[in-house]
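For the numbers below, each heavy atom of this structure counts, side chains included, while hydrogens, waters and symmetry mates do not. Atoms within each ligand, like the ligands themselves, are counted from 1 in listed order.
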Amino acid sequence: MTHLADRFGSLRLEHVALGSGPTPVRRLDGLVGADVELWVKDESRFGDGGWGGNKVRKLEWIIPEAGRRRASTLFTVGGIGTHWGLACALYGAEHGLRTVLGLVDQPVDDHVREQLGRLERSGAQLHRYPDVRRLKLAAPWLIARNIRAGRLPWYLPAGGSNPVGTLGYVETALEIAGQVEAGLLPEPASVVAPIGSGGTAAGLALGFRIAGLRTRVLGAVVNDAFPLDAPVIAALANRTADLLEQRGARGVPRVTAEDLTTRDDWLGSTYGDPTPASTAMVERAAGLGLELEPVYTGKALAAVEDLGAGLAGPVLWLNTHGPR
Ligand SMILES: Cc1ncc(COP(=O)(O)O)c(C=O)c1O
């Protein structure tokens with residue numbers, strides 16, 4: 001049973017287990033300055049198909065909801081190195097769903113090149129565009145084409161950050177609350193995660209309110225393609241709270257922009273661009289046996305390093321990277 005079903009009783013929301021939680025939490029010394037009591041929750045270990053990371057958490061709710069909507073196709077968008085698009089293609093196929101991807105060019109490095117190769121081999125239908133404007137112009141045509149072919153597509157925004165996908169991180173916040181209650185870690189003053197499309201941060205913020213924890217979400221914004229400030233994240237959290245109530249939950253609290261902090265100080269020049277600080281963090285983490293990447297996890301850790309003692313209390317960093 002999920003923590004959400006346990007908390008709210010008769011929820012009309014289905015869940016399919018793609019990974020096994022709870023993901024482990026542990027103290028992590030030597031990665032950032034000694035002025036921070038750093039803990040890690042290792043989301044890279046979530047996902048029984050060998051995948052980890054935050055997409056799997058979102059797909060656990062999205063895949064059954066697609067069935068409820070009688071959709072046979074997931075239509076989603078991302079950069080040409082999208083981890084989210086690949087996870088949709090692979091997990092969707094395992095559950096009888098086709099994936100159509102609208103891909104936008106992004107800075108290319110070895111990782112992005114390899115990722116594009118995986119997308120090409122994934123079985124998803126790929127459509128490439130030089131920029132977001134042209135993708136937006138083409139999207140209605142892509143949707144209409146699938147409908148004409150008798151395949152009802154469900155449009156999922158970049159990163160799967162709609163209210164259904166966001167449930168994955170409400171569930172994770174409740175999992176963290178359970179680990180705090182079990183004495184596996186102290187109640188974190190802050191939980192730190194990157195913000196690429198917002199669902200992870202929004203779900204955590206709502207989940208901590210539901211669980212009654214005082215933990216604040218600190219999101220390091222790593223994407224400049226659309227607004228991802230605290231009011232935007234709070235609005236997504238509250239649309240997720242609305243969804244829970246529409247599906248039978250009662251008394252779901254709401255999130256305000258003051259409940260979380262979002263900052264783009266570690267973004268660098270644009271989305272997908274490694275910074276010297278994020279690259280240094282990836283190298284330091286490798287020395288401790290942790291495999292990270294510089295676009296999300298490295299930037300979130302650079303935030304922890306910079307804010308240091310200002311974070312005032314135990315910090316739980318989510319390792320959202322999910323290598324396969
Ligand atoms: C490794 C990793 N961490 C964090 C994120 C950000 O999560 P979200 O899109 O929910 O903001 C993503 C994807 O966008 C990701 O691939």
How far does CG of L316 sit from CG of L311, to the nearest 0.5 angstrom?
12.0 Å
Which residue pairs satisfy the salt bridge (Lys or Arg N to Asp or Glu O under 4.0 Å) criterion with at least one member in residues 69-92, sequence neighbours excluded?
E65-R69
Atoms of ligand 1 close to [X] [distance to a heavy atom under 4.0 angstrom, numbered from 1]:
| X | answer |
| --- | --- |
| H83 | 16 (O) |
| K58 | 8 (P), 9 (O), 10 (O) |
| P194 | 3 (N), 4 (C), 6 (C), 11 (O) |
| H321 | 1 (C) |

Could you establish whether I195 and ligand 1 come within less than 4.0 Å of each other, counting only heavy atoms on the residue side?
yes
Answer yes or no for R214 and F208: cation-pi contact, defined as NZ/CZ to six-membered ring centre under 6.0 Å and angle to ring axis within 45°.
no
Top protein contact for [atom], by heavy-atom distance:
| atom | answer |
| --- | --- |
| atom 2 (C) of ligand 1 | Y296 CG, 3.4 Å |
| atom 1 (C) of ligand 1 | T320 O, 3.4 Å |
| atom 16 (O) of ligand 1 | K55 NZ, 3.0 Å |
| atom 9 (O) of ligand 1 | S197 OG, 2.5 Å |

Is E293 in polar range of ligand 1, meaning some N or O pair under 3.5 Å apart?
no
If you measure every N/O of G198 against every N/O of ligand 1, is any gap under 3.5 Å?
yes
Any pair with a residue in residues 301-314 that passes side chain to side chain donor-acceptor pair (under 3.5 Å), sequence neighbours left out, goes on the list, sorted by first then second residue, please.
W266-D306, R284-E305
Do the charged groups of D105 and R128 touch, with an N to O distance under 4.0 Å?
yes
Before accepting this row, confirm whether a basic side-chain N of the pair R250/E245 lies closer than 4.0 Å to the acidic partner's carboxylate O.
no
Does N54 approach ligand 1 within less than 4.0 angstrom via side chain, backbone, both or neither, non-hydrogen atoms only?
side chain
Taking the side chain from Q125 and the backbone from L101, do they hold a donor-acceptor pair closer than 3.5 Å?
no
Is the ring centre of H15 less than 6.0 Å from the ring centre of H3?
no
